[in-house]
Amino acid sequence: TATKSRSPRGKLTNVQTQRQGGTQGSTTNTSNIGKGSAPATVRYNNPLAMYPANWQKKYGAIPNTDTIGGGHKIAGFPDAVSGAAAGLALLQRGKYYRNKPISDAIATWSGGNHVSSYIKSLEKYGIDTSKNINVLTPAEIIMLAKAMAHHETGKPFPLDDASWQSAYAKSKQIGLG
């Protein structure tokens, strides 16, 4: 069932879920989730800045009612790999993203806000935003997620290549639901 929610950029949308992600490492100290002065994507182990959703429990999502800049909700995860895995799963299998060109998926992901700057930031990574998400290779979908995490965080997200690979494998193993 769809619910009304605000995208991190402020647009009200009718979607079942938005996004979720994580920070570097595999530490599971949930008492520190959301604390500190790092970008919200890092504080909440949520590289792609997803909104909370019930399906994210499979990835260890931590129930919270926290809001970040602009009053937006954000999902929290026990570690960055789990958050990245959930984001990768949503990109590849979420009904609002799968089988769409990257540019269209980003328009939805961003809530329609600042789409051209988002797409330009992805293109700096060499991503062909006209390409359909469902034909991306594992390396390409990981690069897309890394580029999105950079855009959402405002700087490269602190997750190494091996951890992104682990997140991809976890996304394939667990899926959406």
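- Between His72 and Gly69, the shortest heavy-atom contact is CD2-O, 2.9 Å.
- Judged as a salt bridge (charged side-chain N to carboxylate O under 4.0 Å, His left out), the pairs with a partner in residues 116-136 (not counting sequence neighbours) are, in order, Lys131-Glu140.
- Side-chain atoms of Leu136 and Ile102, non-hydrogen and from C-beta on, do get closer than 4.5 Å to each other.
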| said: Between Ile106 and Thr129, is the side chain to side chain contact (heavy atoms under 4.5 Å, CB included) condition met? List the steps. | reply: CA-CA 9 Å; Ile106 292 303; Thr129 59; over 6 Å; no
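- For the atom pair CZ (Arg93) and CG (Leu88), the distance works out to 10.0 Å, reported to the nearest 0.5 Å.
- In this view, Lys146 and Asp161 satisfy the salt bridge (Lys or Arg N to Asp or Glu O under 4.0 Å) rule, not counting sequence neighbours.
- Here the closest heavy-atom approach between residue Pro39 and residue Lys155 is recorded as CG-CE, 4.1 Å.
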Donor-acceptor contacts under 3.5 Å from residues 168-177 side chains, at least two apart:
from, atom 1, to, atom 2, distance (Å)
Lys170, NZ, Ser82, OG, 2.7
Ser171, OG, Tyr168, O, 2.7
Lys172, NZ, Gln92, OE1, 3.2

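- Side-chain contact between Arg43 and Ile74: absent, with no pair of heavy atoms (C-beta onward) separated by less than 4.5 Å.
- Between the side chain of Asp160 and the backbone N or O of Ser163, at least one donor-acceptor pair lies under 3.5 Å.
- The shortest heavy-atom contact between Leu48 and Ala149 is CD2-N, 3.6 Å.
- Nearest heavy-atom pair, Ala75 versus Tyr44, reported as atom, atom and distance to 0.1 Å: O-CB, 3.5 Å.
- Here the closest heavy-atom approach between residue Pro78 and residue Gly60 is recorded as CD-O, 3.0 Å.
- In this structure Thr153 satisfies the side chain to side chain donor-acceptor pair (under 3.5 Å) test together with Thr41, sequence neighbours excluded.
- Interatomic distance, OG of Ser103 versus CD1 of Ile127, reported as 12.0 Å (0.5 Å rounding).
- Residues Tyr118 and Met148 are in side-chain contact: their nearest non-hydrogen atoms beyond the backbone lie under 4.5 Å apart.
- Between Trp109 and Glu152 there is a side-chain heavy-atom pair separated by less than 4.5 Å.
- Listed by chain and residue number, Tyr97, Ile133 satisfy the side-chain contact (heavy atoms from CB on, under 4.5 Å) test with Ala105 (two or more places apart in sequence, or in another chain).
- Across Tyr59 and Ala89, no two heavy atoms sit closer than the pair OH-CB, 3.3 Å.
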